[in-house]
Student: 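One structure coming up, written as structure tokens, with questions to follow.
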Amino acid sequence: MLSLRFVSENLDLIKEKLKLRKTDANLDDFAKHVKERSDLLRESESLKYKKNQVSKEIGQLPPSERGKSPQIQEMKAVATQIKELDASLAEVDAKIENVLIILPNIPDASVPPGGGEEDNPTVRLWGEKPEFDFTPKQHFDLGEELGILDFERGAKITGARFTLYKGFGARLERALINFMLDTHTTEHGYTEVLPPFIVNEASMTGTGQLPKFKDDLYQLEGLDYYLIPTAEVPVTNIYANEILAEEDLPQCFVAYTPCFRKEAGSYGKDVRGLIRQHQFNKVELVKFSKPEDSFDELEKLLQNAEVILQKLGIHYRVVALCTADLGFSAAKTYDIEVWLPGQNAYREISSCSNFTDFQARRANIRYKGKSDKKTTLVHTLNGSGLAAGRTLVAILENYQQVDGSIKIPEVLKKYMGGLEKISK
RNA sequence: GGAGAGAUGGCCGAGCUGGCUGAAGGCGCUCGCCUGCUAAGCGAGUGUACGGUUUAAAGCUGUACCGAGGGUUCGAAUCCCUCUCUCUCCGCCA
């Protein structure tokens with residue numbers, strides 16, 4: 001969320017930025033409402049001042065005289081007036097809040113302008129596309145033939161976009177999760193957390209999923225509880241409504257969680273295979289940083305995520321999301337896109353973002369300076385490190401052999417009990 | 001699920017027969033003094049948000065906040081209602 005003050009003082013700038021993002025918001029009456037709010041607030045507060053003063057005077061009267069004090073009648077009227085003013089104020093506040101809460105973050109100045117995915121510039125490439133002297137297969141064919149991925153039974157148990165992993169398929173996914181967690185905790189200094197997989201409405205609002213993206217979430221019937229679409233939600237909310245000490249920043253967390261997404265509006269996209277599931281596993285990196293450090297922290301976080309693919313020896317590219325492709329809460333985002341030879345395409349495997357103070361304002365996460373003693377909103381960041389399911393896809397497609405077996409990447413062998421390859 | 005107790009400032013902890021309580025007292029922390037150093041001691045300070053004043057900051061000032069939301073009252077941390085969470089006991093359970 002952007003601050004009321006910032007928005008009301010920069011309406012034209014906001015409109016301009018919204019255009020870049022290709023989003024729309026009705027800001028027509030905003031200035032009017034802000035003025036109205038400030039008038040009501042002032043009036044209400046001055047009446048409250050009067051009421052407080054007079055009430056104090058009444059309290060000082062001897063008890064015998066209190067009952068007949070004309071001031072009581074007078075204050076009765078004032079109290080009614082205050083109640084009416086506050087009711088109007090609440091109405092205006094709600095109008096303002098309804099606009100602010102669905103306004104996206106402002107893209108950072110370094111974000112490339114663009115109209116869509118095709119305008120995302122490539123920041124760098126790592127590794128090379130592997131050469132095959134046969135036609136590489138797609139992961140779902142490989143997985144089914146090896147008996148490690150069972151899409152039909154997943155669909156039977158639950159429905160479309162749910163998959164049953166079996167044998168070394170299940171083991172490989174677990175190996176990846178452990179490999180990622182170990183790397184980030186022991187080599188990159190992140191603290192591992194295992195958060196709840198169900199969160200309340202306040203948490204979802206804090207990170208920006210609610211109220212705008214309710215359709216993408218699984219809500220538990222009759223409750224204001226939701227299945228998490230990413231660990232970003234529970235982990236960022238660790239510090240909701242807290243004030244941290246400056247010397248405790250930055251704080252870096254890594255969490256494995258399953259993620260649950262309705263994928264509303266993606267019918268017909270990636271219908272086969274593991275790429276787009278309603279439930280998938282992900283290792284997520286989350287940071288809380290001082291404002292002046294957050295863009296440096298983003299670069300580090302991105303590199304921490306890249307290391308996973310480097311260690312796995314899989315070719316990828318990093319793209320910077322352009323203004324139109326940026327997510328709702330993000331000020332800047334890099335995507336890591338892994339090479340999938342079976343698909344002959346790069347596919348997103350991680351998204352690393354700096355949310356600046358956008359989520360911190362919603363979730364009310366601040367820190368107190370050591371010298372200046374001021375409280376300031378922190379900056380929050382996060383990125384996948386990485387999506388486990390898609391990483392498994394990348395391994396199947398990049399490490400496939402002509403006989404349909406899968407070589408195990410060196411770094412994963414110890415997590416696979418020394419296994420060299422998965423074969424029939 | 002049943003019965004009970006509780007939720008106060010960074011922490012502990014009073015207040016809870018309504019007004020003098022933004023909130024006693026202690027601890028912690030910060031600054032100053034003192035001491036050869038440390039400890040002890042002395043003095044002052046020590047929440048957040050929003051608004052007004054100000055070129056700006058500081059300062060001054062107003063409002064709100066004693067788990068959350070409503071209510072009663074001229075006036076509520078204190079009374080009433082609802083909710084959330086924590087703890088104890090019983091039941092059930094991985």
Side-chain angles (χ1 to χ4, degrees), chain A residues 1-9 30-97 99-101 194-206 210 219-220 222-226 234 237-249 251 258 291 357-378:
Chain A
M1 190 161 69
L2 304 171
S3 78
L4 170 57
R5 174 175 284 185
F6 178 77
V7 176
S8 51
E9 287 173 2
F30 197 79
K32 196 183 90 190
H33 290 144
V34 171
K35 171 82 169 69
E36 209 178 327
R37 175 181 182 274
S38 131
D39 291 345
L40 285 167
L41 191 64
R42 232 178 295 182
E43 200 178 342
S44 163
E45 286 193 354
S46 72
L47 281 179
K48 281 174 186 167
Y49 175 57
K50 185 174 177 193
K51 184 191 77 175
N52 288 344
Q53 295 301 315
V54 175
S55 292
K56 237 174 244 179
E57 285 169 27
I58 295 172
Q60 265 144 27
L61 257 42
S64 55
E65 286 176 33
R66 273 183 209 160
K68 42 194 173 182
S69 163
Q71 292 173 312
I72 289 187
Q73 286 311 313
E74 197 189 329
M75 285 308 106
K76 233 177 219 184
V78 170
T80 311
Q81 220 179 327
I82 290 173
K83 205 173 256 185
E84 284 165 7
L85 282 171
D86 282 350
S88 312
L89 186 60
E91 264 175 54
V92 182
D93 266 339
K95 281 181 198 163
I96 292 171
E97 174 79 3
V99 172
L100 285 181
I101 204 81
L194 183 60
F197 301 159
I198 294 173
V199 297
N200 59 30
E201 192 178 322
S203 293
M204 283 293 188
T205 308
L210 286 177
Q219 181 172 12
L220 300 194
L223 296 170
D224 82 329
Y225 284 178
Y226 300 81
N237 278 285
I238 285 175
Y239 289 129
N241 300 310
E242 291 195 37
I243 300 176
L244 306 172
E246 180 176 357
E247 52 269 36
D248 291 338
L249 295 174
Q251 290 212 35
D357 63 8
F358 188 86
Q359 293 181 326
R361 185 172 292 106
R362 290 174 160 245
N364 194 25
I365 308 171
R366 294 165 295 172
Y367 78 97
K368 196 185 273 283
K370 198 167 168 53
S371 47
D372 60 3
K373 292 282 170 201
K374 283 196 71 98
T375 53
T376 312
L377 293 165
V378 302

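Within every chain, numbering begins at 1; the chains are lettered A, B, ... in the order of the sequence lines, protein sequences first and strands thereafter. Computed from heavy atoms alone, side chains included, the values below leave out hydrogens, waters and symmetry copies.
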Student: Over how many whole Å does the gap from A/Tyr49 atom OH to B/U61 atom C1' extend?
Tutor: 9 Å

Student: So which protein N/O to nucleotides 72-75 of chain B N/O distances come out below 3.5 Å?
Tutor:
unit_1, atom_1, unit_2, atom_2, d
B/U72, OP2, A/Lys83, NZ, 3.1
B/C74, OP1, A/Lys76, NZ, 3.4
B/C74, O2', A/Ser55, OG, 3.1
B/G75, O4', A/Ser55, OG, 3.3

Student: With 3.5 Å as the limit, what N/O pairs link the protein to nucleotides 79-82 of chain B?
Tutor:
none

Student: If we take the P atom in both B/A58 and B/U46, what is their distance in whole Å?
Tutor: 15 Å

Student: Rounded to whole Å, please give me the gap between CD in A/Glu242 and P in B/G10.
Tutor: 11 Å

Student: Please state the C1' separation for the pair B/G9 and B/A49 - nearest whole angstrom.
Tutor: 15 Å

Student: Which whole number of Å gives the distance between the P atom of B/A24 and that of B/A44?
Tutor: 15 Å

Student: How many Å lie between CG on A/Asp86 and C1' on B/G69, as a whole number?
Tutor: 15 Å

Student: Mind calculating the distance between CD (A/Glu201) and P (B/U84) to the nearest angstrom?
Tutor: 14 Å

Student: Should B/C11 form a Watson-Crick or G-U wobble pair with both distances under 3.5 Å, which nucleotide is its partner?
Tutor: B/G26

Student: If the C1' atom of B/U8 is compared with that of B/G13, how far apart are they to the nearest Å?
Tutor: 9 Å

Student: Can you tell me the Watson-Crick or wobble partner of B/C85, both distances under 3.5 angstrom?
Tutor: B/G6

Student: Calculate the interatomic distance between A/Gln53 atom CD and B/G19 atom C1'; express it in whole Å.
Tutor: 13 Å

Student: Distance check, P atoms only: B/C74 and B/G18, in whole angstrom units.
Tutor: 16 Å

Student: Can you pull every protein N or O that's under 3.5 Å from an N or O on nucleotides 46-50 of chain B?
Tutor:
unit_1, atom_1, unit_2, atom_2, d
B/G47, O3', A/Lys368, NZ, 3.4
B/U48, OP1, A/Lys368, NZ, 2.5
B/U48, O3', A/Arg366, NH1, 2.9
B/U48, O2', A/Arg366, NH1, 3.2
B/A49, OP1, A/Arg366, NH1, 3.4
B/A49, OP1, A/Thr375, OG1, 2.7

Student: What is the distance, to the nearest angstrom, from the NZ atom on A/Lys48 to the C1' atom on B/G51?
Tutor: 12 Å

Student: Any strand is fair game: report the nucleotide pairing with B/C74 by Watson-Crick or G-U wobble, both distances under 3.5 Å, or none.
Tutor: B/G19

